[in-house]
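A short worksheet on the structure shown next.
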Amino acid sequence: MVNAGTYPLWQQLAATEGLPAEALPTVIEALCAPSRAFYGIDNRGEEWRKKAFADALPALLPRTTDPALRRRLLEQADDKQIADLATRA
């Protein structure tokens, strides 16, 4: 579970070129973890997470070599995000 207010920070970390490879699993997990509140899923926090994830995905996917982590990223991505990535390649 991640505090919804920290999603922009996780996105900034993902975009940092100097981010060590050892930190990728933590950053990916934070951006893929649903935003939860004591009453269940936090819809506003989920919107923030999805935006941060979408912004971070183009930087994260090429740097992620672990198949399980790549799968985690691709499972979270929607069809439009994957199509956008395919046109960039």
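Of the inter-residue distances, the one linking Ile28 atom CD1 with Arg71 atom CZ reads 12.5 Å to the nearest 0.5 angstrom.
Residues Ala59 and Ala15 share a closest heavy-atom pair of CB-CA, 4.2 Å. In terms of heavy-atom proximity, Ala56 sits nearest to Leu31 at CB-CD1, 3.6 Å. Residue Tyr7 comes nearest to Trp48 through the heavy atom pair CB-O, 4.1 Å, listed as atom of the first residue, atom of the second, then distance. Contact record, Ala14 with Leu19: CA-CD2, 4.3 Å, taken as the closest heavy-atom pair. Between Cys32 and Phe53, the shortest heavy-atom distance links the atoms SG-CE1, 3.9 Å. Residues Val27 and Leu13 come closest through the heavy atom pair CG2-CB, 4.3 Å.
Side-chain N or O atoms of Arg63 include none that pairs as donor or acceptor with a backbone N or O of Leu24 at under 3.5 Å.
Classification of Arg88 and Asp84 as a salt-bridged pair fails, no side-chain N sitting under 4.0 Å from a carboxylate O. Salt bridge Arg72/Glu75: absent, no basic N to carboxylate O contact under 4.0 Å. Electrostatic pairing of Asp66 and Arg70 does not count as a salt bridge here, judged by no charged N lying under 4.0 Å from a carboxylate O.
Residues Leu69 and Leu60 are not in side-chain contact: their nearest non-hydrogen atoms beyond the backbone lie 4.5 Å or more apart.
For Gln76 and Arg49, the side-chain atoms include at least one donor-acceptor pair closer than 3.5 Å.
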